[in-house]
A.B. asks: 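I have a structure I would like to understand better, so I am pasting it below and will then ask my questions one at a time.
The model shown is predicted, which means the values in this text are computed figures rather than measured ones. We count residues from 1, following the sequence as given.
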Amino acid sequence: MRKKYNKLTQTESVKRNSLMFKKFKKLLATGKYGRMKLYEMLGDEFDISERNSVGGIIRSMENKEKSQTVKS
């Protein structure tokens with residue numbers, strides 16, 4: 001049974017996503033967890049219903065980071 005998840009404003013959502021991405025990179029660097037496990041863990045921690053949603057956010061942030069480094 002699904003619980004009701006919070007709806008955030010745009011600024012809160014951007015702040016949450018950047019915090020989640022930083023935590024993802026830190027945990028991924030340890031090598032203890034796979035990507036799917038991290039998506040699950042972060043979804044639970046940041047109150048996101050689906051790990052696929054977390055994965056989409058993380059992939060989007062990775063693409064933005066790559067495009068910024070290419071431009072620099």
Side-chain angles (χ1 to χ4, degrees):
M1 184 171 177
R2 294 184 187 253
K3 61 182 179 177
K4 186 175 181 179
Y5 289 89
N6 295 333
K7 298 286 183 183
L8 302 175
T9 64
Q10 179 67 22
T11 55
E12 291 171 332
S13 180
V14 168
K15 185 177 177 181
R16 178 203 63 199
N17 291 351
S18 64
L19 180 64
M20 184 170 50
F21 185 58
K22 287 177 187 174
K23 189 158 193 169
F24 172 79
K25 288 191 335 184
K26 181 180 175 184
L27 289 171
L28 189 63
T30 65
K32 290 183 180 179
Y33 308 103
R35 290 180 80 90
M36 290 299 148
K37 181 63 177 172
L38 287 174
Y39 294 164
E40 279 183 37
M41 291 168 46
L42 293 171
D44 291 341
E45 182 178 340
F46 289 95
D47 203 27
I48 299 174
S49 61
E50 297 287 333
R51 74 173 186 202
N52 291 337
S53 300
V54 175
I57 293 168
I58 296 298
R59 285 188 301 276
S60 173
M61 300 286 282
E62 286 174 331
N63 288 338
K64 284 181 187 176
E65 186 177 66
K66 282 181 187 176
S67 68
Q68 288 177 354
T69 57
V70 168
K71 290 180 183 177
S72 298

A.B. asks: Quick one: do Ile48 and Ile57 satisfy side chain to side chain contact (heavy atoms under 4.5 Å, CB included)? Show the steps, please.
C.D. replies: CA-CA 11 Å; Ile48 299 174; Ile57 293 168; 4.0 Å; yes
A.B. asks: With side chain to side chain contact (heavy atoms under 4.5 Å, CB included) as the criterion, how do Val14 and Gln10 come out once you've worked through the C-alpha distance, each side chain's angles and the decisive distance to 0.1 Å?
C.D. replies: CA-CA 6 Å; Val14 168; Gln10 179 67 22; 3.7 Å; yes
A.B. asks: Val54 and Phe46: side chain to side chain contact (heavy atoms under 4.5 Å, CB included), yes or no, with the steps?
C.D. replies: CA-CA 9 Å; Val54 175; Phe46 289 95; over 6 Å; no
A.B. asks: Between Met61 and Met20, does a side chain to side chain contact (heavy atoms under 4.5 Å, CB included) hold up when you go through it step by step?
C.D. replies: CA-CA 10 Å; Met61 300 286 282; Met20 184 170 50; over 6 Å; no
A.B. asks: Between atom NZ of Lys23 and atom CD1 of Ile58, what is the distance when rounded to the nearest 0.5 Å?
C.D. replies: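 Answer rounded to 0.5 Å: 11.5 Å.
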A.B. asks: Using 0.5 Å steps for rounding, measure from the CG atom of Leu19 to the CD atom of Glu45.
C.D. replies: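 Spacing of CG (Leu19) from CD (Glu45) equals 7.5 Å.
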A.B. asks: Going from NZ on Lys64 to CD on Gln68, what distance comes out if it is rounded to the nearest 0.5 angstrom?
C.D. replies: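 Those atoms lie 8.5 Å apart.
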A.B. asks: What pairs meet the side chain to side chain donor-acceptor pair (under 3.5 Å) rule with one or both residues in residues 52-62, with sequence neighbours excluded?
C.D. replies: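 Every side chain to side chain donor-acceptor pair (under 3.5 Å) pair that includes a residue of residues 52-62, provided the two are not neighbours, is Arg35-Glu62.
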